[in-house]
K.L.:
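Before we start, here is the structure in question, set down as structure tokens.
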Amino acid sequence: MKQEQIDALRHLPIPDQGMLIDGQWAAAASGQTLPVVSPIDGQQLCTIAAAGQPDVDRAVQAARRSFGQGVWSRMAPAERKKILHRIADRIEAHHAELAVLGVRDNGTEIAMAWKAEPGSAAGTFRYYAECVDKVNGEIAPTPDGTLGLIHKEAVGVVGAIVPWNFPLMIGAWKIAPALAAGNSVVLKPSEDASLSLLRLAQLCLDAGLPPGVLNVVTGTGAEAGEALARHMDVDILTFTGSGPVGRMLLKASAESNLKRVYLELGGKSPNVVFDDAPDLAQAAKVSAMGIYRNSGQVCVAGARLLVQRSVHDEFVDRLHKIAASLRVGDPLDVSTEIGAVSSARQLAKNLAAVQTAQQQGARLRVGGGALQPVAGGSYMAPALFDGVTPDMTLAREEVFGPVLAVLPFDVEADAVRLANDSTYGLASAVWTGSLSRAHRMVRAIKAGVVHVNTYGGPDITVPLGGVRQSGNGHDKSMHALDKYLDLKTAWIQL
Ligand code: NAD
């Protein structure tokens, strides 16, 4: 990643965007559009189409038609695999363009977006390309004279609704396994970050994905998202986003065709530091980035730091120094450590959370205010609170911003109790030099992921999903394929 490479792309004009339906780019039937405003400087980049019910209908019909015709679902697995690999090739060939486009749209620091967005998206397509011809049915151990076959079949039409924080990576986590399983897809990106996914859709067509197999409808959640969630001909809805929207999707399914709904929701993930951690300096550095990277807009962010009292003051001092020294700035500058907050709306939410925490008696050690390293943009100084108690809003509710809450504990049992004192269960971490304690904590913490002596970074080979109100089902790994397959029994008298 070179600054000149980024500078050559950062001011390219972006045309107004249509939607991809049945292999054709089209405006919304209503002609309505939404402005795309960059959080870097508050300037409008372009418009996206604001899809309504008729557009979503057309996209679902195209997906259903392509599925029924078998242009993808019945294509030889080896051919499907080649096309998914070609999509990965195209993403790699357009790596810089995709990364810069995404950052202009959502403000993530380029150092992070470079790896996490096109880098992971390409890797995800490759991983699932390799799965296409390795999904077998089963023969059951049935009584003599009978044969029980268990077929694994593509389900049909998958609706995917994704958020703005890592649109390409999370989009790929849904699209690639759904396609690998043989389904057709209708994708609804966030209205706050559609551009890189629209570009990906064109790259998929260029790579030979047949028309109608991947359709993209842009627009608001209330219009386009809701129309997809309530559609009678969508078989599966796979979602990443907030808890309140997740609840609405379950309701929409119940009130329409009982489509399967998979939810990857938010969290308030505990990061537990024991006094026997092997390297407190390293633990502080990684923990700081575990909450502050991408301005805290990371579903698995370690937002609740539980520190053993014997090292509490030393650890908070270390964090204080790190938080105060992080370079918040233009996300397209390669030396920036923390980029922009995704929108002025999200920044206002973050600032309100800081104010509430102060009103409730938490102590703001550093940061917490709005910054303007680029005129017109939305930026925030990483905030560190200590003196947080378990009943405070900051200990209970997700901010989705660069705000860290520190709570002390005395013994391991207290750490477990505090870690699990949450309605969420997405990620967590434990810092300890004791192997036994590490394994005890892995078993005791209620979460989909427990990191040990690290935070973040699990690759595509392992699942990501939450328990409790952080959701159900998993993205990533071979397990994600199960979401997009149906089991069918053939019971045969021999
Ligand atoms: P959001 O729920 O507001 O929006 C997510 C998507 O849902 C967007 O595409 C939006 O347009 C759509 N949507 C909104 N209202 C809808 C409705 N009524 N019907 C259908 N669709 C609707 O979330 P966000 O603000 O984009 O993202 C932040 C949230 O996502 C945070 O809570 C974060 O923790 C969560 N998240 C979770 C994961 C994970 O893997 N668990 C990953 C990233 C983000």
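Quick note: numbers below take in every heavy atom, side chains included, and nothing from hydrogens, waters or symmetry partners. When a ligand or atom number is given, it counts from 1 through the structure's own listing order. Quick note: residue numbers are just sequence positions, from 1.
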K.L.:
Only distances under 3.5 Å count here; give the side-chain donor-acceptor pairs of residues 400-407 to other protein atoms, sequence neighbours excluded, each with its distance to 0.1 Å.
P.N.:
none

K.L.:
Please report which non-hydrogen protein atom sits nearest to atom 32 (O) of ligand 1, along with the residue it belongs to and the distance in Å to one decimal place.
P.N.:
E398 OE1, 2.7 Å
K.L.:
Which atom names give the shortest non-hydrogen contact between D421 and P390, and what distance separates them?
P.N.:
OD2-CB, 3.8 Å
K.L.:
Would you mind checking which non-hydrogen protein atom is closest to atom 14 (C) of ligand 1, with the distance to 0.1 Å?
P.N.:
G221 CA, 3.5 Å
K.L.:
Quick one: look up the protein heavy atom nearest atom 1 (P) of ligand 1 and list residue, atom name and how far away it is.
P.N.:
S242 OG, 3.5 Å
K.L.:
Check ligand 1 against I170 and write out every atom of the ligand that is under 4.0 Å from a heavy-atom position of the residue.
P.N.:
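Checking each atom against I170, I get 42 (C), 43 (C).
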K.L.:
Purely on distance, is any nitrogen or oxygen of E191 under 3.5 Å from one on ligand 1?
P.N.:
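Min N/O separation from ligand 1 is below 3.5 Å for E191.
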K.L.:
Decide whether a cation-pi geometry holds between K483 and Y262; the criteria are a distance under 6.0 Å from NZ or CZ to the six-membered ring centre and an angle within 45° of the ring axis.
P.N.:
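Satisfied, under 6.0 Å and within 45°.
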K.L.:
Taking the side chain as every heavy atom from C-beta outward, state whether S477 and T461 have any atom pair closer than 4.5 Å.
P.N.:
no
K.L.:
Measure the distances from the heavy atoms of G243 to every atom of ligand 1 and state whether one is below 4.0 angstrom.
P.N.:
no
K.L.:
Could you tell me which atoms of ligand 1, counted from 1 in the order shown, lie closer than 4.0 angstrom to a heavy atom of E226?
P.N.:
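The atoms of ligand 1 under 4.0 Å from a heavy atom of E226 are 17 (C), 18 (N), 19 (N), 20 (C).
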K.L.:
Could you report the tightest heavy-atom contact between S184 and S66, atom names first, then the distance?
P.N.:
OG-OG, 2.8 Å
K.L.:
Among protein heavy atoms, which lies nearest atom 25 (O) of ligand 1, and at what distance?
P.N.:
W164 NE1, 3.0 Å
K.L.:
Is there a heavy atom in V300 that sits closer than 4.0 Å to ligand 1?
P.N.:
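The answer is no, since V300 has no heavy atom less than 4.0 Å from ligand 1.
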K.L.:
Is any heavy atom of the protein nearer than 4.0 Å to atom 21 (N) of ligand 1?
P.N.:
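There is a protein heavy atom less than 4.0 Å from atom 21 (N) of ligand 1.
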K.L.:
Any heavy atom of F166 closer to ligand 1 than 4.0 angstrom?
P.N.:
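So F166 does not count as touching ligand 1.
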K.L.:
Look at atom 38 (C) of ligand 1 and say which protein heavy atom is nearest, naming residue and atom and giving the distance to 0.1 Å.
P.N.:
C299 CB, 2.9 Å
